[in-house]
Trainee: 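Handing you a structure now.
We number each residue from 1, following the sequence as shown. When reading the values below, keep in mind they use all heavy atoms of this one structure, side chains included, and skip hydrogens, waters and symmetry mates.
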Amino acid sequence: MAFQDTTKRLSCVAAVALSLAACSDMSATQQRALTGTTGGAAGGALIGAIAGNAAMGAAIGAGAGLAGGMLYDYHKKGEESAYQRGVQEGQR
């Protein structure tokens, strides 16, 4: 019985994640934040279900995923900035 409840919860999380992923008019930062949050929530729900509290796991995973998505976005923006500086220096 617990496996069926877990499957239902994970299906709901997956449905929400897929519906949110369809938002293509978002900025790169928004997309990375959303991807991190939904991925973290799904992973957290899975781990939480195994540990006995899927909702708490999803909440913790969503927070961790959001932080990870924002850190990745910060890194990618730094890469792009460095690339653009290199291009400008090469044109001199």
Side-chain angles (χ1 to χ4, degrees):
M1 201 65 170
F3 180 75
Q4 291 175 343
D5 290 340
T6 302
T7 304
K8 287 179 186 177
R9 288 181 184 161
L10 289 176
S11 297
C12 289
V13 169
V16 169
L18 289 174
S19 65
L20 291 175
C23 301
S24 62
D25 60 340
M26 297 166 62
S27 70
T29 299
Q30 292 170 332
Q31 290 175 354
R32 290 176 183 133
L34 180 63
T35 301
T37 302
T38 54
L46 181 64
I47 293 169
I50 293 169
N53 192 344
M56 181 64 77
I60 293 169
L66 175 61
M70 295 307 292
L71 285 172
Y72 181 72
D73 181 63
Y74 180 77
H75 171 72
K76 294 305 276 185
K77 285 182 177 178
E79 276 185 347
E80 180 62 27
S81 176
Y83 175 78
Q84 291 302 326
R85 283 193 311 266
V87 167
Q88 290 173 356
E89 287 295 320
Q91 292 176 348
R92 289 185 185 181

Trainee: With rounding to the nearest 0.5 Å, note down the distance linking OG in Ser27 to CG in Leu34.
Mentor: 10.5 Å
Trainee: We want to know whether Gln84 and Gln88 form a side-chain donor-acceptor pair, criterion being a heavy-atom distance below 3.5 angstrom.
Mentor: no
Trainee: State whether Lys77 and Glu80 are salt-bridged, where the test is any N-O pair (Lys NZ or Arg NE/NH1/NH2 against Asp/Glu carboxylate O) under 4.0 Å.
Mentor: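 Glu80 and Lys77: not salt-bridged.
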Trainee: Minimum heavy-atom separation for Leu66 to Ala33, with atom names?
Mentor: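 Minimum heavy-atom contact is CD1-CB, 3.8 Å.
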Trainee: Please check this pair: side chain of Thr35 against backbone of Gln31, looking for a donor-acceptor N/O pair closer than 3.5 Å.
Mentor: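 Flag set: sc Thr35 to bb Gln31 pair under 3.5 Å.
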Trainee: What is the minimum heavy-atom distance between Lys76 and Glu79, and which atoms define it?
Mentor: NZ-OE1, 3.1 Å
Trainee: Can you tell me how far the OG1 atom of Thr37 sits from the CE atom of Met70, to the nearest 0.5 Å?
Mentor: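 Thr37 atom OG1 to Met70 atom CE measures 9.0 Å (nearest 0.5 Å).
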